[in-house]
Amino acid sequence: HGAERVSYAELDRRSNRIAHELVRRGVGPDVRVGVCAERSPEMVAALLGILKAGGAYVPLDPRYPADRLAYMLRDAGVPVILAQAGLAGVLPDHAAQVVVLDGIGASDGDDRAPLVPVTPKHLAYVIYTSGSTGLPKGTEVPHRAIPGFFRGADYVRFDADQTLLQHSSVSWDALTLELWPALLTGGRVVLLPARTSEPALLAEQVREHGVTTLWLTSAYFNLIVDTTPEALAGVAQVMIGGESVSVPHVRRALELFPELRLVNGYGPSECNVFAACWAIPHGFDGAAVPVGRPVGDRRVYLVDRAFSPVPVGVPGELLVGGPSVARGYLGRPELTAEKFVPDPFSGEPGARLYRSGDLARWRAD
């Protein structure tokens, strides 16, 4: 982060001290903890410290409007908020305890991780949707949902040789993709040292730190290709998605960078990052870019209105199953029951599918 370098050992010490402070304040499994911090090593230590205390982090982007933050704080009901010095004041009125991050991770304290019994079913984080179709919904994501999209992945490489750039909002699902695959495979994370990710700044960070792996929304990818294609020079892997991908921009990027691995990904926040991915081949000449096949432990079904699988080539609603499926929406039992339905294709007791509402079709291949 800028001139600061943090080793795994130092991150471990900082996050352990934060975890002990949270345990002293009553944090444990399934307890939600707010995080109000700019992109920084302190932010990463805070997220990790919350998980080590057994809690679930609720990211609170300090750039969000006050009314949105107020809604999220009321809805999440966090008893504790970790905040950087100077940011606690941006938060609207709330009843939570505020713990100032600055100084906790660097001060004396217990360097060992607290012994907290956490299972894969416990919450890891609560992420809020954009609210574009109504009030924002808090999606409850358990620990079991996270590893499947990158452990043994074949659409890109996640390992100790990779350097990922973390440039998305802390309150967005993409944080999971930009941060944890690196830290859980021995890789390196570069934290963009600015509030905005302008193409020129992104290009500078890629060049300066040797970034090998990037995530870009489809719209931002188009902007990069149109205005600052040099930002992709030297990058080995670029993942794009979030909306339909522009075929002309894909072709241009692959022409400019013959060694680039470009991957189109699909996945709702309710199923943790990616449900399906497709590595776009060089020379691609299709009319639309497919979203590929299910990745990792994700399962995808396309069904008709009677919930019967549709034949190849016939459009159906896309359902996602497997460990990636969230527990539901915080405090919204009726909406949870509507969108998270029993999985008739699984033999696992209590297994559920997420109804995306998206239409898709299987191709012959």
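Just so it is clear, the structure is predicted and the values come from calculations on it, not from any experiment.
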Calculate, to the nearest 0.5 Å, the distance between atoms [atom1] and [atom2] belonging to [X] and [Y] respectively.
X: Leu101; Y: Arg14; atom1: CG; atom2: CZ; value: 10.5 Å
X: Ile18; Y: Ile50; atom1: CD1; atom2: CD1; value: 8.0 Å
X: Leu91; Y: Tyr64; atom1: CG; atom2: OH; value: 13.5 Å
X: Leu302; Y: Glu317; atom1: CG; atom2: CD; value: 9.5 Å
X: His249; Y: Leu254; atom1: NE2; atom2: CG; value: 13.0 Å
X: Leu47; Y: Glu42; atom1: CG; atom2: CD; value: 11.5 Å

Q. Does any pair with a residue in residues 157-180 pass salt bridge (charged side-chain N to carboxylate O under 4.0 Å, His left out), and if so which ones, sequence neighbours excluded?
A.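 Of all non-adjacent pairs touching residues 157-180, those that pass salt bridge (charged side-chain N to carboxylate O under 4.0 Å, His left out) are Arg157-Asp159, Arg157-Asp161.
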Report yes or no: does [X] contribute a side-chain atom to a donor-acceptor pair with the main-chain N or O of [Y] at less than 3.5 Å?
X: Thr228; Y: Pro199; answer: no
X: His122; Y: Thr119; answer: yes
X: Arg5; Y: Gly2; answer: yes
X: Asn264; Y: Pro290; answer: yes
X: Thr336; Y: Arg332; answer: yes
X: Asn272; Y: Ser324; answer: no
X: Gln97; Y: Val99; answer: no
X: Tyr266; Y: Arg293; answer: no
X: Thr185; Y: Pro181; answer: yes
X: Asp102; Y: Ala85; answer: yes

Q | Thr176 and Tyr125: side chain donor to acceptor below 3.5 Å | A |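 Checked: Thr176/Tyr125 side chains pair up, N/O donor to acceptor below 3.5 Å.
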Q.
Looking only at the side chains, is there a donor atom on one of Asp343 and Tyr301 sitting less than 3.5 Å from an acceptor on the other?
A.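 Asp343 vs Tyr301: no donor-acceptor pair found between side chains.
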Please examine the side chains of [Y] and [X], heavy atoms only from C-beta on, and report whether any two atoms are closer than 4.5 Å.
X: Glu4; Y: Pro193; result: no
X: Val310; Y: Arg361; result: no
X: Leu60; Y: Met72; result: yes
X: Leu353; Y: Val320; result: no
X: Ile240; Y: Thr217; result: no
X: Phe221; Y: Asp226; result: no
X: Phe340; Y: Leu335; result: no
X: Leu214; Y: Leu232; result: yes

Are [X] and [Y] grouped together when hydrophobic residues (ILVMFWY) are joined by side-chain heavy atoms under 4.5 angstrom apart?
X: Leu318; Y: Val325; answer: no
X: Val314; Y: Phe345; answer: no
X: Ile127; Y: Trp215; answer: yes
X: Val245; Y: Phe257; answer: yes
X: Met43; Y: Leu164; answer: yes

Just wondering, are more than 12 heavy atoms of other shown residues or ligands nearer than 6.0 Å to [atom1] in [X]?
X: Leu359; atom1: CG; result: yes
X: Arg251; atom1: CZ; result: yes
X: Glu259; atom1: CD; result: no
X: Glu243; atom1: CD; result: yes

Results of side chain to side chain contact (heavy atoms under 4.5 Å, CB included) for [X] - residues two or more places apart only:
X: Ala279; result: Arg261, Val263
X: Ala9; result: Ser7, Arg13
X: Pro62; result: Cys36, Glu38, Leu87, Val90
X: Thr163; result: Arg188, Val190, Val211, Thr212

Q | Trace of the side chain to side chain contact (heavy atoms under 4.5 Å, CB included) decision for Val33 with Ile81 | A | CA-CA 6 Å; Val33 179; Ile81 298 172; over 6 Å; no
Q: Pick out which of Lys339, Glu270, Lys137 makes a side-chain hydrogen bond (donor to acceptor under 3.5 Å, both in side chains) with Tyr329.
A: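 Only one of Lys339, Glu270, Lys137 forms a side-chain hydrogen bond (donor to acceptor under 3.5 Å, both in side chains) with Tyr329, namely Glu270.
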Q | Inter- and intrachain pairs under side chain to side chain donor-acceptor pair (under 3.5 Å), touching residues 278-292, at least two apart | A |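 Output for this query is empty, none listed.
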Q: Measure centre to centre between the rings of Phe274 and Tyr155, then say whether the value is under 6.0 Å.
A: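 Yes, the ring of Phe274 comes within the 6.0 Å limit of the ring of Tyr155, centre to centre.
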Q) So, are Arg17 and Glu21 salt-bridged, with charged N and O less than 4.0 Å apart? A)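 So Arg17 does not pair with Glu21 through a salt bridge.
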Q. Below 4.0 angstrom, N of the basic side chain to O of the carboxylate: do Arg327 and Asp30 qualify?
A.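 Salt bridge present between Arg327 and Asp30.
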Q | Cationic tip of Arg68 above Tyr71 ring, under 6.0 Å, 45° of axis | A |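 No, Arg68 does not sit over the ring of Tyr71.
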Q.
Run Gln237 and Gln162 through side chain to side chain contact (heavy atoms under 4.5 Å, CB included) and show every step you take.
A. CA-CA 10 Å; Gln237 311 173 132; Gln162 305 309 313; 3.7 Å; yes
(Q) Set out, in order, the CA-CA distance, both residues' side-chain angles and the distance that settles side chain to side chain contact (heavy atoms under 4.5 Å, CB included) for Arg39 and Val170, then state yes or no. (A) CA-CA 7 Å; Arg39 190 182 301 112; Val170 64; over 6 Å; no
Q | Minimal non-hydrogen separation, Ala275 against Val300, with atom names | A |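 Scanning both residues, the minimum pair turns out to be O-CG2, 4.3 Å.
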Q: Return the minimal non-hydrogen interatomic distance between Met239 and Thr213, and the atom names on each side.
A: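 Shortest heavy-atom contact: CE-CG2, 3.6 Å.
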**Q.** Working for side chain to side chain contact (heavy atoms under 4.5 Å, CB included), residues Lys52 and Asp12
**A.** CA-CA 10 Å; Lys52 288 183 174 188; Asp12 202 34; 2.4 Å; yes
